[in-house]
Amino acid sequence: MMPYPSGRLHMGHVRNYAIGDVIARYKWAKGHDVLHPFAWDAFGLPAENAAIKHKAQPDVWTKKNIADMKNQLKSLGLSINWDREVSTCDPNYYKHEQKIFLDFYQAGLAYRKESWVNWDPVEQSVLANEQVIDGKGWRSGAPVTKKLLSQWFLKITDFSESLLEGLDTLKKWPEKVTTMQRNWIGKSEGAYVAYDVENSSHKVQIFTTRPDTLFGASYIAISAHHELSKALSEKNSEVAAFIKECEALGTSQKTIETAEKKGVKTPFFALCPFDEGKKIPIYIANYVLSDYGTGAVIGVPAHDERDHEFAKKYDLDILPVVALPDGQTPDVEEAPHISDGTMINSQFLNGLRVTDAIKKAIEKITELNIGYGAVTYRLKDWGVSRQRYWGCLIPIIYCNQCGIVPVPKKSFPSHCRLMFLFDKAGNPLEHHPTWKHVSCPKCNQPAKRETDTFDTFFESSWYFLRLCLEKNQDELDKTAIESWMPVNQYIGGIEHAVMHLLYSRFFMRAMRQCGYLNIKEPFEGLLTQGMVIHKTYKSKDGEWVYPDHVITKGKNHYTEDGKEVTVGASEKMSKSKNNTVDPQAIIDEYGVDTARLFILSDSPPDRDFEWSDAGLQGSWRYINRLWALALKIAEVKDAKKPSDQTPEGKKIERYMHKTIYAINHDLDGFHLNKAIARLREFSNKLETLDLSHQDNHHIALFCLKTLLKLFSPFIPHICEEIWKTLLEEKSFLIETPWPKVNDTILEDDTITLAVQINGKLKGTIECSQGQNTQDIEEAAKKLPAVHAVIKDKEIKKIIVVPKRIVNIVCP
RNA sequence: GCGGUCGUGGCGGAACUGGUAGACGCGCAGCGUUGAGGUCGCUGUGGUGGAAACACCGUGGAAGUUCGAGUCUUCUCGACCGCACCA
């Protein structure tokens with residue numbers, strides 16, 4: 001994945017790109033045509049924050065960051081095709097994006113609708129969720145409210161089913177990611193039901209996945225922005241106050257759903273269509289989302305956790321309508337009954353199982369003409385408008401005569417930016433005196449530009465297509481794109497599991513519909529790498545202390561000026577906790593290979609990686625040992641192949657082939673830590689090979705060369721150096737082919753079998769390949785440790801699993 | 001709150017489809033090299049008991065399936081990631 005150019009390379013980047021580099025070098029060595037490109041996710045909020053804080057122009061700031069980071073990246077020795085590098089803030093990049101958007105618009109995949117944003121009343125600007133802290137604006141400290149704005153949306157919901165079905169084809173994705181996306185799309189089957197409201201012309205429509213439980217309904221909860229809530233707030237001050245309170249929660253779903261569940265009772269009652277005379281109270285509740293579903297839910301406290309909690313709080317009826325499996329009525333006072341059963345207290349549904357009752361209830365709802373069965377998705381359309389300066393301009397002009405008018409494609413890139421000032425909060429594009437005023441491309445009358453820019457996920461949803469093109473290729477050439485796409489191996493953080501990866505999948509579908517390409521899925525293989533974490537240190541006076549500045553004496557830690565330091569949990573490296581380690585400093589001191597080796601060696605790529613200086617030293621030592629080993633073997637590099645190999649030589653040759661086999665397997669599965677462990681084992685064995693015996697010289701050299709080749713994707717510089725300088729090879733190591741496994745010498749002559757009694761290990765026996773079961777049983781029984789136990793016991797059974805184990809079962 | 005993942009020595013982690021738990025590395029200890037320290041080399045290192053042989057315990061916790069469970073099942077505890085305007 002492309003990085004945000006923050007200005008300084010951090011360990012997370014090093015890890016990400018080191019993993020990618022190993023895979024790229026391995027595939028290259030195996031003869032694949034590898035494209036290993038790079039891009040910068042250059043638009044975004046931090047540039048604007050820097051502009052406000054340091055009066056730096058976002059483009060200047062961003063370009064400097066890119067230059068700085070590129071320098072650092074280059075020192076990592078990555079095999080990146082820099083000639084294709086792109087930056088998303090480059091007009092030559094985003095002009096395509098503007099065209100794509102207009103094509104989406106023409107195809108009916110982009111539309112405008114009103115939607116809520118977090119609003120800072122002091123700054124008079126929109127806040128991102130992360131800028132809302134405890135309900136207050138991060139800079140102003142003012143309580144946040146919500147505001148309704150007209151914004152652009154992309155119709156990702158047109159592809160809900162396709163995005164869901166496509167997940168089954170992503171065989172090389174981690175299952176956790178496809179599961180998360182499946183749940184995010186959230187297909188559910190259920191029914192819409194419209195309830196009449198007593199003494200009112202309003203109707204309340206709800207959606208439920210459990211229409212079978214409608215007889216157990218105790219209340220209906222509507223959102224603060226439901227039309228009924230709005231109508232009520234005009235004359236009811238309690239309701240108006242509650243709506244205000246809900247708005248103070250902001251737009252973050254996490255905040256809304258973790259807030260204490262509160263509701264306010266309205267004077268309205270919904271009329272149960274099945275049960276004449278039954279009146280269901282209507283509440284306005286803070287946990288009902290206004291822009292999801294119908295903005296109203298039905299509460300069945302006997303059979304739903306959240307409804308139960310709400311009913312308890314407001315003392316509502318809890319009527320069980322699903323019996324326990326044994327037919328008993330469940331006790332639902334303390335906890336709801338969620339699982340399956342047969343229906344009770346439900347008139348025409350009584351006696352039916354839940355699944356049948358759902359069908360029957362939908363039939364009845366349809367028959368009464370109050371609703372219908374439906375499939376819904378949790379997935380919402382994607383709001384792409386941002387009230388920000390540093391993003392790709394939405395190429396739209398608003399004309400009083402002509403309405404929404406696309407900026408003509410021939411005038412792309414639409415980027416005629418003047419000097420904008422960040423002297424006040426909010427979007428400079430909006431409050432610039434002249435910029436937004438243009439004449440309508442259709443009627444030439446005065447009109448206004450769209451001042452919003454795109455969500456930066458827009459850029460990241462298709463950048464990989466641009467990377468399929470040569471630097472100077474100006475059109476999104478279908479042939480070039482399709483010759484490389486899909487991305488065979490995509491690598492990035494698990495935090496992108498849903499949004500970025502889902503938006504990219506949507507883009508492929510939408511772009512396909514607009515004729516751009518014929519690709520279904522953007523990423524064939526996906527590897528989600530873990531974070532780089534580090535211990536945190538805090539001094540007695542509560543300050544975070546840099547790891548470098550901690551002095552350890554025995555079990556205690558101190559600051560440089562002698563204050564006591566406590567060691568905290570390992571957390572994601574972050575500036576705010578001072579637990580970062582600067583990759584540049586490591587590279588300067590130990591060299592790139594040490595840094596690469598260490599960051600790849602300990603943890604599997606998909607898990608978090610704990611940085612430790614001691615671990616780094618270990619990698620440094622190994623690099624030195626490898627050099628020493630090579631130096632020793634280089635002395636005998638002219639040795640001829642002996643006519644007959646020593647038993648030791650034969651053994652290490654077999655081990656070498658086992659290693660190649662295992663490394664292939666490990667690299668194919670991205671078990672880079674295991675691959676390194678095996679290479680170290682192999683190199684440990686090679687160190688003990690007796691070089692005083694002349695007949696071992698040739699095989700030692702052969703093994704060393706194999707070791708270098710197998711290690712070269714990880715530590716390319718030292719391996720190449722040994723190859724050239726110590727072994728005086730004419731070729732470059734990087735150009736030599738990947739070693740081949742000789743299958744015929746893989747198998748050992750003898751096998752070690754574990755012998756157990758009742759599943760407990762008692763010893764091991766050696767046997768030859770294909771030895772018969774009876775011999776093995778006899779040999780096992782003769783083991784002293786076994787004999788001692790079984791000699792006066794009756795053997796019930798002996799289990800012999802070929803090549804694995806013997807288990808003697810006796811009472 | 002909802003969705004997802006993870007949990008193995010002092011530490012990072014190995015253990016392919018259930019079959020010798022702790023590979024490899026870090027740390028630590030002892031010995032050697034050294035004037036000393038570091039580097040480097042060798043040896044040892046899950047816990048408890050034991051001089052030792054060995055025995056017992058041991059994969060967050062509890063239960064279960066199995067000849068056999070780190071691996072499967074159920075419950076439970078904890079940590080982390082995402083939740084639609086950070087990227």
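Throughout, protein chains are lettered first and strands after them, A, B, ... in sequence-line order, and every chain is numbered starting at 1.
- Residue Arg378(A) is classed as a base contact, given a heavy-atom separation below 4.0 Å to a base.
- Residue Asn684(A) is classed as a sugar-phosphate contact, given heavy-atom separations below 4.0 Å to backbone atoms only.
- In this structure, Gln387(A) reaches the bases: a heavy-atom distance under 4.0 Å links it to at least one base atom across the strands shown.
- With a 4.5 Å cut-off on side-chain heavy atoms, Tyr94(A) and Phe458(A) do not count as touching.
- Within the 4.0 angstrom heavy-atom criterion, only backbone atoms of the sugar-phosphate kind lie near Lys674(A); the bases stay farther away.
- Taking atom C1' on both nucleotides, U43(B) is separated from U59(B) by 28 Å, rounded to a whole Å.
- At least one donor-acceptor pair under 3.5 Å links the side chain of Arg378(A) to the backbone N or O of Trp184(A).
- Using a 4.0 Å heavy-atom criterion, one finds that Arg607(A) contacts the sugar-phosphate atoms exclusively.
- Pair assignment for A84(B): none, as no Watson-Crick or G-U wobble contacts are both less than 3.5 Å.
- Dashed line: the shortest gap from a side-chain N or O of Asn183(A) to OP1 or OP2 of G4(B) is under 4.0 Å.
- Residue-to-nucleotide contacts include a donor-acceptor pair under 3.5 Å from the side chain of Arg388(A) to the base of C85(B).
- Atom-to-atom, CH2 of Trp611(A) to P of G12(B) comes out at 17 Å; the value is rounded to the nearest Å.
- In this structure, C31(B) forms a base pair with G41(B), meeting either the Watson-Crick or the G-U wobble geometry with both donor-acceptor distances under 3.5 Å.
- In this structure, Gln617(A) reaches neither bases nor backbone, as no heavy-atom distance under 4.0 Å exists between it and the strands shown.
- Seen from the ring of Phe310(A), Lys261(A) does not count as a face-on cation partner, given the 6.0 Å and 45° thresholds.
- Phosphate contact (OP1/OP2 of A23(B), side-chain N/O of Arg680(A), threshold under 4.0 Å): absent.
- Taking the P atoms as reference points, A15(B) lies 12 Å from G7(B), given to the whole Å.
- A 3.5 Å limit on both hydrogen-bonding distances identifies C67(B) as the Watson-Crick or G-U partner of G19(B).
- In terms of phosphate contacts, Ser603(A) brings no side-chain nitrogen or oxygen within less than 4.0 Å of OP1 or OP2 of G12(B).
- Within 4.0 Å (heavy atoms only), Thr752(A) reaches at least one base atom of the nucleic acid.
- Within the nucleic acid shown, Thr456(A) comes within 4.0 Å of sugar-phosphate atoms alone, with no base atom in reach, counting heavy atoms only.
- G30(B): glycosidic angle beyond 90° from 0, hence anti.
- Side-chain atoms of Asp608(A) come within 3.5 Å of backbone N or O of Met531(A) as a donor-acceptor pair.
- A62(B): Watson-Crick or G-U partner is U74(B), with both key distances under 3.5 Å.
- In terms of position along RNA chain B, the nucleotide closest to Glu610(A) lies nearer the 5' end than the nucleotide closest to the other residue of the pair Glu610(A) and Asn758(A).
- Per the geometry, NZ belonging to Lys254(A) stands 15 Å off C1' belonging to C85(B), to the nearest Å.
- With His13(A) contributing its side chain and His10(A) its backbone, the two residues share a donor-acceptor pair below 3.5 Å.
- Note on Arg386(A): a side-chain N or O is less than 4.0 Å away from OP1 or OP2 of C85(B).
- A cation-pi arrangement, defined by a distance under 6.0 Å to the six-membered ring centre and an angle within 45 degrees of its axis, is present between Lys685(A) and Tyr655(A).
- When Watson-Crick and G-U wobble pairs are counted only if both distances are under 3.5 Å, U48(B) pairs with A55(B).
- When both distances must be under 3.5 Å, the Watson-Crick or G-U wobble mate of A79(B) is U5(B).
- Contact annotation: Asn673(A) does not reach the phosphate of C24(B) (side-chain N/O to OP1 or OP2, under 4.0 Å).
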